[in-house]
There are 2 protein chains.
Amino acid sequence: MDPHLLRTFVAVLDHRSFSLAASALGYTQSAVSQHIAALEADLGTRLVERRPVAATPAGARLMEHAPALLLRLEAARADLARLHRAPSDRLTLACSPAALGAPVARALARLRASARVDVEVRVVGREAVIEEVLTARADLGLLDGVAAPSDPLPLPDLGPTVTLAASEGPLAVIFPDGHPLAERDAVRLTDLAQAQWIDSPDTAVPLDRLRAVCGADGFRPRFRHLGTDIHGLAALAAADHGLAVLPLPLAAALPGVTAVPVRHPRLVHRTELLHPADPSTPARRLTGLLTHRDGSRVHEDAD
Amino acid sequence: MDPHLLRTFVAVLDHRSFSLAASALGYTQSAVSQHIAALEADLGTRLVERRPVAATPAGARLMEHAPALLLRLEAARADLARLHRAPSDRLTLACSPAALGAPVARALARLRASARVDVEVRVVGREAVIEEVLTARADLGLLDGVAAPSDPLPLPDLGPTVTLAASEGPLAVIFPDGHPLAERDAVRLTDLAQAQWIDSPDTAVPLDRLRAVCGADGFRPRFRHLGTDIHGLAALAAADHGLAVLPLPLAAALPGVTAVPVRHPRLVHRTELLHPADPSTPARRLTGLLTHRDGSRVHEDAD
DNA sequence: TAGAATTACGGAGGACGTAAGAATA
DNA sequence: TATTCTTACGTCCTCCGTAATTCTA
């Protein structure tokens, strides 16, 4: 279970090919073959089916461990490296799309007004936000999702190196303009379980999360939208491809769609701040700006 | 960051000695010294101070990663091994002390009545429960704690290999018999923040958890009780060394102390079932018995 | 039969033990 | 000065590349 072997194991299954994995990792085919053989010998099981290359049941099980393990390993190294890097005026913020709203933009403006700070915001998928923070490619992360009021978002293990802060606001469903339900003051999510939904796991609230949080079946995806582009999602929703759940302030400003608040179940759109154990000075300042406003937390509905 | 190096790094800090770590791991002193040197070279930082042996700041940081990392690695291996082990009539259950109440005992009785199953229950500390399940030394785990009603317990990352089920019941504070507050029908935890508390992190509800869940400071430990022995804790509480929080049904049966229900904040004693992805047949049956009774979940207060 | 994984083999480098050398309490 | 860690060095073993071999779509 040498991490090198795990890394090539993951690469082999990702590429569905020994040779492609080899060139991706800078090895020869032969080395990759030996890695897989060594791993299989070590674990006493066949992990990969060849021709075509695919995971055996045991390999699939290992694939549930290996990427997380490698990420944690890299995170540990990045965490140590952070201890010794020079203090910087640069702030890199990894952000899921719906977490980047007006409050964050304003907090960044205040940060730049108060000191000379170069800012880089990277809008990426939810899992990538975690990855960027853990590996110190970003100084801070902002991750949005849906939860019961004042509950935290369910996050995978972030290790000892990050903590959380949050803001909360109302949720909305976006309907195409003129849709019968777009007239409503509010909707119940459970009434819409059987509607047409767009699954946009990185941009909107993922449908499996809606299912979990509503405790209801339904929310079956008929249309999948990959990427981190809220406007594109709005265009799809406007063209009646399906519904999606977004934070209300953001959804209300989208063209071609009407945002209707979610009334039931009682849920909020929540943003968590992923905060390394040992943040840079600009990161610490932004954390202060984001989590305190007149001594209380930022609420998006305060806008 | 070879796991072998991490393992000796952890052993060195655990033993506060290179030579002790070496003999514990079956290496020579020299090898351990080389391991530490290699790790320090790899990470570009001094990790341990010698004479006396202690962690540097960077080493302390690494110690927040390394044990979890090694556990996850062992967990992955154990998970794969589980796939290929022979079906067994034996059930090993790892259990935190306050999770082992009458409902669990009865479920085990029903299991044994319905089939020939050898049972082994290991009562261990909370962290050890997780460890035993992840490394497949136990088939199932039962872990108790305190949370808001219907909230899950905050658990560290359990990987993809385990899921949870739960039972919930009321909480109580134990007072020495005859204590003025022992007459009450109920108490508010926040009123007791400044009282004398016994910190018994593995047996009762850990004080830091009380602090977190009450959102209040206080609950400062003056007396620490290590081990997994509820009766011993009761003896200490009866002798007026301090208070502790336990599940009500269990606390009510303890000698020398009076159990007073916690009314506020609204909290429950919750038990989570740690369930491997691929459990043995007896484990699956016990899970069924524990999580369903007449189609609903077990509630300890149903007794 | 061509594309792709495996096996054979050799050289370079790494890992660990023995033993001698420094450092600190 | 005794204990404990470090360094030097030799051996063995592992790792990876080249190249020949086997497999299968």
Side-chain angles (χ1 to χ4, degrees), chain A residues 1-60 62-63 66 69-70 73-74 76-77 80, chain B residues 1-60 62-63 66 69-70 73-74 76-77 80:
Chain A
M1 295 260 296
D2 183 323
H4 292 109
L5 304 189
L6 287 181
R7 204 165 57 104
T8 93
F9 169 74
V10 171
V12 162
L13 288 185
D14 279 351
H15 291 88
R16 290 188 164 71
S17 152
F18 282 49
S19 8
L20 289 180
S23 62
L25 296 172
Y27 287 127
T28 59
Q29 290 174 359
S30 168
V32 169
S33 183
Q34 292 175 56
H35 278 192
I36 299 299
L39 199 56
E40 291 181 332
D42 178 22
L43 296 173
T45 326
R46 180 145 264 239
L47 298 169
V48 177
E49 219 62 81
R50 289 108 218 242
R51 269 169 238 248
V53 171
T56 65
L62 185 57
M63 272 302 272
L69 221 32
L70 294 170
L73 210 58
E74 199 187 343
R77 162 168 266 120
L80 282 253
Chain B
M1 296 257 296
D2 183 322
H4 293 109
L5 304 188
L6 288 180
R7 203 165 59 104
T8 94
F9 168 74
V10 171
V12 162
L13 288 184
D14 279 350
H15 291 87
R16 290 189 163 71
S17 153
F18 282 48
S19 7
L20 289 181
S23 61
L25 296 172
Y27 287 126
T28 59
Q29 289 176 0
S30 169
V32 168
S33 184
Q34 293 174 57
H35 277 192
I36 300 299
L39 200 56
E40 291 181 331
D42 178 22
L43 296 173
T45 327
R46 181 145 264 239
L47 297 169
V48 314
E49 219 64 79
R50 288 107 217 245
R51 259 90 171 293
V53 171
T56 64
L62 185 57
M63 272 301 273
L69 221 32
L70 293 171
L73 210 57
E74 201 187 342
R77 162 168 265 120
L80 282 253

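Chain A is the first sequence line, chain B the second, and so forth, proteins listed ahead of strands; every chain is numbered from 1.
Across all their heavy atoms, B:V32 and B:A21 have their closest contact at CG2-C, 4.5 Å.
Contact of B:R51 with C:dA25 (side chain to base): no donor-acceptor pair of N or O atoms is detected under 3.5 Å. With hydrogens and angles left out, the side chain of A:Q34 and the base of D:dG17 share a donor-acceptor pair within 3.5 Å.
The distance between atom CG of B:L20 and atom C1' of D:dT3, rounded to the nearest whole Å, is 12 Å. Whole-Å rounding puts the A:L5 CG to D:dT14 P distance at 13 Å.
Within the 4.0 Å cut-off from OP1 or OP2 of C:dC16, not a single side-chain nitrogen or oxygen of B:H4 is found.
Backbone-only engagement by B:S19 is indicated by non-hydrogen atom pairs under 4.0 Å involving sugar-phosphate atoms exclusively. Among the heavy atoms of the strands, none lies under 4.0 Å from B:V32. Using a 4.0 Å heavy-atom distance criterion, B:S30 is classed as a base contact.
Closest to the side chain of A:S33, from the set D:dC5, C:dT7, D:dC16, is C:dT7.
Between B:D42 and A:R77 there is a side-chain heavy-atom pair separated by less than 4.5 Å. Here the side chains of B:L6 and B:L62 are in contact, with some heavy-atom distance below 4.5 Å.
A donor-acceptor pair is defined here as one N or O able to donate and one able to accept, closer than 3.5 Å; no such pair exists between the side chain of B:Q29 and the backbone of B:S19.
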